[in-house]
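Predicted model only: the values in this text are computed from it and were never measured. Because only heavy atoms are used, hydrogens play no part in the values below, and waters and symmetry mates are left out as well, while side chains stay in. Per chain, numbering begins at 1; letters A, B, ... match sequence-line order.
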Amino acid sequence: MRVDALPLASEFVEHFAAEGIEELYPPQAAAVEAGVCEGGNVVAAVPTASGKTFVAELALLTADGPGLYVCPLRALAREKFEEFDRLPGVDAGISTGDFDSAAADLAGKDIVVATSEKVDSAIRNGAEWVDDLACVVVDEVHLLGAAGRGPTLEVTLATLRRRAPDVQIVALSATVDNPEDIAEWLDAELVESTWRPVDLRVGVHADGSVRFDDGTDAAVPVDTADPATNPDTEVTAELVRGAVADGGQALAFVRSRREAEALAERLTDERLPSVVDAAGASDSGDGADGPDAADATHERGEDAGMDAAAVAEEIREAGGTETGDRLAEAAAWGVAFHHAGLSSDHRALVERAFRERRLSVICATPTLAAGVNVPARRVVVRDQQRYAGSGYEWLPVLEVHQMCGRAGRPHLDPYGEAVLVAGDEAGRTELWDRYVTADAEAVESKLRDPAALRTHTLALVATGFAASQADVLDAFAGTFYASRTPNPDLGGDVGDAIASLIDDDLLAATGDGGIEATALGEQVSRQYVTPDTGVELLAALRTVATMAPEHVTELTAFEVICDTPDMVDTYLGNAERAEIYQFARSHAAELTTGMTEADDFEGWLESVKTARILTEWVDGASVEELVESYRIGPGDLESRIERAEWLLGAADALAEVLGVEMPALASARAKL
DNA sequence: GGGTAGCCTATTTAGACAGCATGTC
DNA sequence: CTAAATAGGCTACCC
């Protein structure tokens, strides 16, 4: 099937031709046959990089009205927005927490790209443009099964369909075990395919050789006898070296940030022969910080070496922290590490430089697999387990498949290779059965979780979609949960949720057996904080009202917001505990919780640490200082500042409803 | 005294969505 | 309470 045979205006056909899209990939053709261009609901369960974006564009461009593209990450939203905005004659908008299109004129856009939470939030705040949508595309719809965020996605989609009953739904999913269940819920045609533009072979290493699923074997010449080195790391290094020496790029996945950095350092010492294509090389940078010829044990391509030096320079310019310095040092040798402790600038730089083939290797924690597109010739999954709060757990099959799916660069590699590293035959068998031959998990609704029911029940009532328990149940009838459960008796659970919300003074019973949101409940819903955070904030604000005004400082404001479930925890090391304790004691008058009254003392002490970091930040401390003294990454600081901004706003709005004066909230926020 | 190899113990451990208001030169 | 890697402290030993 050819693009010019599709019901598309000629300018779009030309646009796609200019991007090299003239012939449809098989899954794309299947989606067309399933009706994406005729307004039909379609669920496409296909591998990453098999052309899902084009399917989305077909639906959005052929729809008779404005479209919405929902995705799970802000970075992905940005990427898609830029792509859609390049379409001829299309006015695209973006709406995410960190980046909003100019003003609230989303109503006039042809295509709006947003995260699922942002859509949910827009609905809660009375956005009317959602009623006019002709088409909604949901990317990564398998996240329906994610504990915290899945319920938001299914309730939001149910609400969208209720408000715009004729809206076309196109859902794009990773390969999961039960895509037919998602299709059934959405009354959609299912398109299922494992087709990829580049072949992928997956293998498992054990005892010096990799066995691939196409029956081939490959020896890995490495000395694993040295007890001073981790054999899995040696194997990983050799696999990376091999791919790079062969002109490819590699991704290596490990379990923790520290190990990602350690592996990057190990590979930097390796002095990988540069593989970075001369075509992708630019000449800039004086190379002063880059490798000297005297250091090199291999010949390096001149252009590539200078290019790597340029990447290193860009990294240094983006931020002079200790982490940034080490990253730049590795980048000078074509190696990078990647995890959420990096500043967002550094992360984006690493991703982009790798895509532009100015870096040979990224050593990453599992996140990279779910983020923006970073294809490599070879993917090595050294660690398949991850610490999960209480002991080690196997990574979900879906996650490992997504890592492996990053192997194979279209137009560059004859095929992609993914290797899982095990030590011995027993390990190989385990990994083979668990990941190579196994299907990904089924997607199962998490709506029944009490916290999810509380959140969404409050939202439905606060927005006026429901005024009784029956109404709430009616709204939930359109969810994935209801579609999957033969007799979805949520009555008891929703009843419990309502009772607890009334207890918390967020909902109130009306005389006739109905329910309504209190002024507090309405504000909690609009501010998009969880009910539990709302309750914590309200309790803290009531305490603030009893404090002497001179004791209510910015530290107080930060402590109020840090001791809520919506603020991310900050690890409190043993060595710091005593010092933070001392700090809390000497600032006791400014804190809303007394040393003896916290029911979770450890948790509270952690929030005091976070509050202290933020206080020092607004008092002018630099990123470097804070990163150094509190042992957090620049990215961790960023995320806490971001959340603090949001939660201070929420606290301020709630203080106003309560009639509590707390100027420190606004002043702290202004300084962030 | 100073350095260090080697052992034992204590410490640490992935990630990331969200609010809201508009006039202004 | 489950686990694996490693940072760090300590001792024993050597020069």
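Nearest nucleotide to the A:Leu73 side chain, out of B:dG15, C:dA5, B:dA16: B:dA16. Residue A:Glu117 places its side chain closer to B:dA18 than to any other of B:dT11, B:dA18, C:dA5. The side chain of A:Asn574 sits closest to B:dT11 out of B:dT11, B:dA18, B:dA16. Distance from the side chain of A:Tyr387 is smallest to B:dT13 among B:dG15, B:dC17, B:dT13. Checking B:dA18, B:dA14, B:dG15 against the side-chain heavy atoms of A:His339 singles out B:dG15 as nearest.
Side-chain nitrogen and oxygen atoms of A:Arg74 include at least one within less than 4.0 Å of the OP1 or OP2 phosphate oxygen of B:dC17. Dashed line: the shortest gap from a side-chain N or O of A:Tyr571 to OP1 or OP2 of B:dT12 is under 4.0 Å. Taking 4.0 angstrom as the limit, A:Arg149 places none of its side-chain polar atoms (N or O) nearer than this to OP1 or OP2 of B:dG15. Between A:Arg643 and B:dG19, a side-chain N or O to OP1/OP2 separation shorter than 4.0 Å is absent. Remark: A:Ser121 is not in phosphate contact with B:dC17, judged by side-chain N or O atoms under 4.0 Å from OP1 or OP2. Between A:Thr115 and B:dA18 there is a side-chain N or O to OP1 or OP2 distance below 4.0 Å. For the OP1/OP2 pair of B:dA18 and a distance below 4.0 Å, the side-chain nitrogens and oxygens of A:Arg124 include no atom meeting the criterion. Between A:Arg577 and the phosphate of B:dT11, there is no side-chain N or O to OP1/OP2 separation shorter than 4.0 Å.
Counting any heavy atom pair closer than 4.0 Å across all strands shown, A:Arg640 reaches no nucleic acid atom. Within 4.0 Å of A:Leu647, counting heavy atoms only, lies no atom of the nucleic acid at all. Within the 4.0 angstrom heavy-atom criterion, base atoms lie near A:Val568. Residue contacts for A:Ala340: at a heavy-atom cut-off of 4.0 Å it reaches the sugar-phosphate backbone alone, with no base atom in range. Nucleic acid contact class of A:Arg669 (heavy atoms, under 4.0 Å, all strands): base. Residue A:Ser116 is out of contact with every strand shown, counting any heavy-atom pair closer than 4.0 Å. When heavy atoms are screened at a 4.0 angstrom cut-off, A:Gly573 is found touching the sugar-phosphate backbone but no base atom.
If you take CZ of A:Arg258 and P of C:dA7, they are 6 Å apart, rounded to a whole angstrom. The interatomic distance linking A:Glu638 (CD) with B:dG15 (P) rounds to 13 Å, in whole Å. Here the P atom of nucleotide B:dG19 and the CD atom of A:Glu656 are 18 Å apart, to the nearest Å. In this structure, CH2 of A:Trp394 is placed 10 Å from P of C:dA4, rounded to the nearest angstrom. Rounded to an integer number of Å, the gap from A:Arg386 CZ to B:dA14 P is 9 Å. Remark: C1' of B:dA14 and CD of A:Gln385 are 14 Å apart, rounded to the nearest angstrom. Distance A:Met567 CE to B:dG15 P: 18 Å, rounded to the nearest Å. Distance CZ (A:Arg255) to P (B:dA14): 10 Å, rounded to an integer number of Å.
Within the shown strands, B:dT9 is the pairing partner of C:dA7 under the Watson-Crick or G-U definition, both distances less than 3.5 Å. B:dG15 is unpaired under the criterion used here, namely a Watson-Crick or G-U wobble arrangement in which both key atom distances are under 3.5 Å. In a base pair of the Watson-Crick type (N1 to N3 plus N6-O4 or O6-N4) or a G-U wobble (N1-O2 and O6-N3), with each distance short of 3.5 Å, B:dG3 is matched with C:dC13. Checking C:dT2 for Watson-Crick or G-U wobble geometry (two distances, each under 3.5 Å) identifies no partner in any strand.
Taking the P atom of each, C:dT2 and B:dC17 are spaced 34 Å apart, rounded to whole Å. For B:dA14 and C:dA3, the C1' atoms lie 16 Å apart once the distance is rounded to whole Å.
Going from atom CD1 of A:Ile182 over to atom CD1 of A:Ile169 covers 13.0 Å, rounded to the nearest 0.5 Å.
Taking for each of A:Ala388 and A:Pro72 the nucleotide of DNA chain B with the nearest heavy atom, the 5'-most of the two is the partner of A:Ala388. When each of A:Gln527 and A:Glu399 is assigned the nucleotide of DNA chain B with its nearest heavy atom, A:Glu399 is the one assigned upstream, toward the 5' end.
A salt bridge is absent between A:Arg612 and A:Glu576: the closest approach of a Lys/Arg side-chain nitrogen to an acidic carboxylate oxygen does not fall below 4.0 angstrom. Salt-bridge annotation for A:Arg257 and A:Glu261: absent, with no side-chain N of the basic residue lying under 4.0 Å from a carboxylate O of the acidic one. Between A:Arg74 and A:Glu642 there is a salt bridge, since a side-chain N of the basic residue sits under 4.0 Å from a carboxylate O of the acidic one. A salt bridge between A:Glu425 and A:Arg428 is present, with a side-chain N of the basic residue lying under 4.0 Å from a carboxylate O of the acidic one. Looking at A:Glu154 and A:Lys446, no side-chain N of the basic residue comes within less than 4.0 Å of a carboxylate O on the acidic one, giving no salt bridge. Between A:Asp504 and A:Arg454 there is a salt bridge, since a side-chain N of the basic residue sits under 4.0 Å from a carboxylate O of the acidic one.
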Residue pair A:Arg640, A:Thr570: steps toward the side-chain hydrogen bond (donor to acceptor under 3.5 Å, both in side chains) verdict = CA-CA 9 Å; A:Arg640 279 157 187 79; A:Thr570 306; 2.8 Å; yes
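Here A:Trp646 lies parallel enough and close enough to stack on the base of B:dA18, with planes under 30° and ring centres under 5.5 Å apart.
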